[in-house]
Participant: 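Shown below is the structure under consideration.
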2 protein chains.
Amino acid sequence: MSDRGTGQTPISGESLLFLTDDQLRRGIEAMFFAYRGFTADPDRILQDYAYGRAHHRAVHFIKRSPGTTVNNLLDILGVTKQSLNRVLRALIEDGLVESRVGKQDRRERHLFLTETGQELEKELSEAQRGRMRAAYRDAGPDAVAGFRQVLEQIMDPEMRRHFQAFKEGS
Amino acid sequence: MSDRGTGQTPISGESLLFLTDDQLRRGIEAMFFAYRGFTADPDRILQDYAYGRAHHRAVHFIKRSPGTTVNNLLDILGVTKQSLNRVLRALIEDGLVESRVGKQDRRERHLFLTETGQELEKELSEAQRGRMRAAYRDAGPDAVAGFRQVLEQIMDPEMRRHFQAFKEGS
DNA sequence: CTTGGAAAGTCAACAAGGCTGACATAAACT
DNA sequence: AGTTTATGTCAGCCTTGTTGACTTTCCAAG
């Protein structure tokens with residue numbers, strides 16, 4: 001699977017990276033097909049709760065940064081506040097998310113997952129992690145390192161900031 | 001949870017693939033942020049033509065397989081025929097796609113890009129390839145190989161079939 | 001203390017692009 | 001002749017994105 005150094009494709013040349021349009025097209029399609037698989041498991045689960053991908057994203061990033069503000073979430077998700085608000089309102093009404101008024105700045109709302117919210121987050125992320133873990137296992141550690149390097153380069157610089165802001169175990 | 005097979009990929013350095021939930025979460029977020037960047041350039045271009053991502057996908061796969069049938073496209077894109085039809089109808093009416101009745105089986109429609117269609121496809125794919133090329137260059141050839149390996153493992157088996165059906169230069 | 005402006009929420013309207021269900025047509029297959 | 005297949009189309013619904021206008025709250029600068 002991984003014979004580093006013995007070029008299996010024209011792209012693993014030493015210094016020059018000659019990339020044909022066809023090779024790049026392959027990478028583009030890989031992203032397309034993989035993203036479909038990546039979201040498939042959570043999407044299936046969300047149907048049972050009458051939620052969508054937008055709810056998943058909100059729950060994920062609230063879990064990652066408990067107490068985050070609405071504004072911060074808007075920045076990360078890259079949607080309008082009206083769009084996020086609709087999703088957030090549903091989650092709050094259903095008792096999955098709690099919105100607390102800020103102590104220093106009382107205009108801000110700090111978002112937290114309730115017990116129920118944490119349960120849903122766990123169900124979703126376990127499904128998604130399961131697929132990633134299997135993919136990582138089959139591809140091997142070196143492939144995983146490359147995977148993350150390339151993904152990071154594909155991001156917009158601003159998104160890369162958001163991504164790097166949360167290193168492992170921070 | 002951690003009962004992977006006894007080291008099937010023992011590679012120098014890390015022999016075992018220990019994956020914490022946090023490391024997996026990082027990979028998940030990398031996919032999320034990268035996909036946003038991945039679609040950003042074409043999305044911007046498509047606005048000028050009043051088209052959306054759905055049109056881009058159709059145009060891409062018709063370009064890849066000129067003469068493909070509607071059914072085949074449905075299979076690859078994973079949407080309903082009503083959804084695809086709406087997009088296809090617009091592209092045909094606007095003169096970007098041509099639909100020819102099949103010769104052997106006259107029920108089938110074979111899809112081709114017109115001159116105009118190829119121009120749009122070129123504009124879109126050049127933008128997308130530009131980003132991929134830059135990312136590949138910055139990450140290096142070994143990272144690229146790993147990138148593609150992991151993406152392929154993330155796909156659903158059926159999607160992997162579609163992906164592998166078109167090797168380089170075929 | 002007053003006021004400007006930022007943060008947040010709300011309402012209305014709209015569009016893209018998914019979905020289901022029903023139905024039509026032509027061609028191919030049995 | 002009857003059934004299945006490939007495609008197209010109409011109608012209607014949902015999610016999730018958008019813009020624009022407006023209000024409330026409240027910090028901070030004048």
Side-chain angles (χ1 to χ4, degrees), chain A residues 32 35-36 39-40 42-62 67-94 97-112, chain B residues 32 35-36 39-40 42-62 67-94 97-112:
Chain A
F32 171 69
Y35 197 77
R36 286 256 296 280
T39 56
D43 282 355
R44 247 188 307 275
I45 293 168
L46 287 158
Q47 284 190 328
D48 301 338
Y49 296 87
Y51 287 140
R53 233 177 255 184
H55 302 83
H56 181 191
R57 291 198 279 265
V59 163
H60 173 97
F61 284 104
I62 294 172
T68 186
T69 63
V70 173
N71 242 4
N72 185 38
L73 213 47
L74 284 175
D75 215 26
I76 288 176
L77 296 177
V79 297
T80 58
K81 63 175 178 173
Q82 294 89 335
S83 203
L84 176 58
N85 194 257
R86 181 180 3 191
V87 164
L88 236 34
R89 202 189 317 153
L91 290 171
I92 291 169
E93 277 174 9
D94 296 350
V97 167
E98 195 192 337
S99 166
R100 299 186 205 150
V101 173
K103 287 184 176 171
Q104 291 101 336
D105 188 336
R106 295 181 49 194
R107 292 167 300 181
E108 292 179 344
R109 303 298 137 93
H110 298 274
L111 304 168
F112 300 87
Chain B
F32 171 69
Y35 197 77
R36 287 254 297 279
T39 56
D43 282 355
R44 246 188 309 274
I45 293 168
L46 287 158
Q47 284 190 330
D48 300 338
Y49 296 88
Y51 288 140
R53 231 176 259 183
H55 303 84
H56 182 193
R57 291 198 282 265
V59 164
H60 173 98
F61 283 105
I62 293 172
T68 186
T69 64
V70 174
N71 242 3
N72 184 37
L73 213 47
L74 284 176
D75 214 26
I76 288 177
L77 297 176
V79 297
T80 58
K81 64 172 179 175
Q82 293 91 333
S83 207
L84 176 58
N85 192 256
R86 179 175 15 193
V87 164
L88 235 35
R89 202 189 316 158
L91 291 171
I92 291 170
E93 276 173 8
D94 296 351
V97 167
E98 194 192 339
S99 166
R100 298 186 204 150
V101 173
K103 285 185 176 169
Q104 291 103 333
D105 188 335
R106 296 183 46 196
R107 292 170 302 179
E108 292 179 343
R109 302 299 139 90
H110 298 276
L111 304 169
F112 300 87

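Letters A, B, ... are given to chains in the order of the sequence lines, protein chains preceding strands, and every chain is numbered from 1.
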Participant: Provide the closest heavy-atom pair for A:L73 versus A:L84 in the form atom of the first, atom of the second, distance.
Facilitator: CB-CD2, 4.0 Å
Participant: Tell me if the side-chain of A:Q82 makes a donor-acceptor pair with the base of D:dG20, cut-off 3.5 Å, by modelled atom types.
Facilitator: yes
Participant: Please verify the inter-ring angle class for B:Y51 with B:Y49; under 30° counts as parallel, over 60° as perpendicular, anything in between as tilted.
Facilitator: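 Aromatic pair B:Y51/B:Y49 classed parallel.
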Participant: Please report the distance, rounded to the nearest Å, between CD in B:E108 and P in D:dT7.
Facilitator: 6 Å
Participant: Send over the distance from B:R100 CZ to D:dA6 P, rounded to a whole Å.
Facilitator: 21 Å
Participant: Which part of the nucleic acid does A:Q47 contact within heavy-atom distance under 4.0 Å: base, sugar-phosphate only, or nothing?
Facilitator: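 Nothing, no heavy atom under 4.0 Å.
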Participant: Is any side-chain nitrogen or oxygen of B:N71 closer than 4.0 Å to OP1 or OP2 of D:dT5?
Facilitator: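 Indeed not, no polar side-chain atom of B:N71 lies that close.
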Participant: Could you list the residues that satisfy salt bridge (charged side-chain N to carboxylate O under 4.0 Å, His left out) with A:R107, not counting sequence neighbours?
Facilitator: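 Here the qualifying residues are A:D105.
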Participant: With the threshold set at under 4.0 Å for non-hydrogen atoms, list the residues of residues 51-62 of chain A touching DNA chain D in residue-number order.
Facilitator: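 When residues 51-62 of chain A is checked for heavy atoms under 4.0 Å from DNA chain D, the hits, listed by number, are A:G52, A:R53, A:A54, A:H55, A:R57.
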Participant: B:R86 or A:R86: which one's nearest nucleotide on DNA chain C is closer to the 5' end?
Facilitator: A:R86
Participant: Can you sort out the partners of A:Y35 under ring pair (Phe, Tyr, Trp, His ring centres under 6.0 Å), two or more places apart, ordered by chain and number?
Facilitator: A:F38, B:Y35
Participant: Which one, D:dC27, D:dG8, D:dA6, comes nearest to the side chain of B:K81?
Facilitator: D:dG8
Participant: Once salt bridge (charged side-chain N to carboxylate O under 4.0 Å, His left out) is applied, do any residues pair with A:D43, and if so which ones, sequence neighbours excluded?
Facilitator: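 Applying salt bridge (charged side-chain N to carboxylate O under 4.0 Å, His left out) to A:D43 gives A:R53.
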Participant: With sequence neighbours left out, what residues match B:F32 under ring pair (Phe, Tyr, Trp, His ring centres under 6.0 Å)?
Facilitator: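 Testing B:F32 for ring pair (Phe, Tyr, Trp, His ring centres under 6.0 Å), a comparison that skips the adjacent residues, returns A:F61.
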Participant: Output the rounded distance in Å from CG (A:L91) to C1' (D:dT15).
Facilitator: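 Taking CG of A:L91 and C1' of D:dT15, I get 14 Å after rounding.
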Participant: Is the shortest side-chain N/O distance from A:T80 to OP1 or OP2 of D:dT18 below 4.0 Å?
Facilitator: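 Result: yes.
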Participant: Give the rounded distance in Å between these two atoms: CG of B:L84 and P of D:dA6.
Facilitator: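 For the pair B:L84 CG and D:dA6 P, the rounded distance is 15 Å.
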Participant: How would you give the extent of chain B contacts on DNA chain C, as first and last nucleotide 5' to 3' within a 4.0 Å heavy-atom cut-off?
Facilitator: C:dG17 to C:dA28
Participant: Could you report the tightest heavy-atom contact between A:R109 and A:S99, atom names first, then the distance?
Facilitator: CB-OG, 3.5 Å
Participant: Mind calculating the distance between CZ (B:R106) and C1' (D:dA6) to the nearest angstrom?
Facilitator: 14 Å
Participant: May I have the distance from A:K103 (atom NZ) to D:dC26 (atom P), rounded to whole angstrom?
Facilitator: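 The answer, rounded to whole Å, is 16 Å.
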Participant: How would you list, by chain and number, every residue that makes a side-chain contact (heavy atoms from CB on, under 4.5 Å) with B:A90, sequence neighbours excluded?
Facilitator: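 Once residues adjacent in sequence are excluded, the partners of B:A90 under the side-chain contact (heavy atoms from CB on, under 4.5 Å) criterion are B:H55.
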Participant: Does A:R100 have any side-chain contact (heavy atoms from CB on, under 4.5 Å) partners at least two apart in sequence or in another chain, and if so, which?
Facilitator: A:E98, A:F112
Participant: Taking side chain to side chain donor-acceptor pair (under 3.5 Å) as the test, write out the residues that go with B:T69, two or more places apart.
Facilitator: none
Participant: Not counting sequence neighbours, which residues clear salt bridge (charged side-chain N to carboxylate O under 4.0 Å, His left out) with B:R86? List them please.
Facilitator: none
Participant: Quick one: salt bridge (charged side-chain N to carboxylate O under 4.0 Å, His left out) partners of A:R89, sequence neighbours excluded?
Facilitator: none
Participant: Each nucleotide N or O in nucleotides 28-30 of chain D that has a protein N or O under 3.5 Å away: list the pair and distance.
Facilitator:
none

Participant: Could you tell me the separation between the CG atom of A:L74 and the C1' atom of D:dT16, rounded to a whole number of Å?
Facilitator: 14 Å
Participant: Relative to the 5' end of DNA chain D, which residue comes earlier, A:V87 or B:V70, by the nucleotide with the nearest heavy atom?
Facilitator: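 This one resolves to B:V70.
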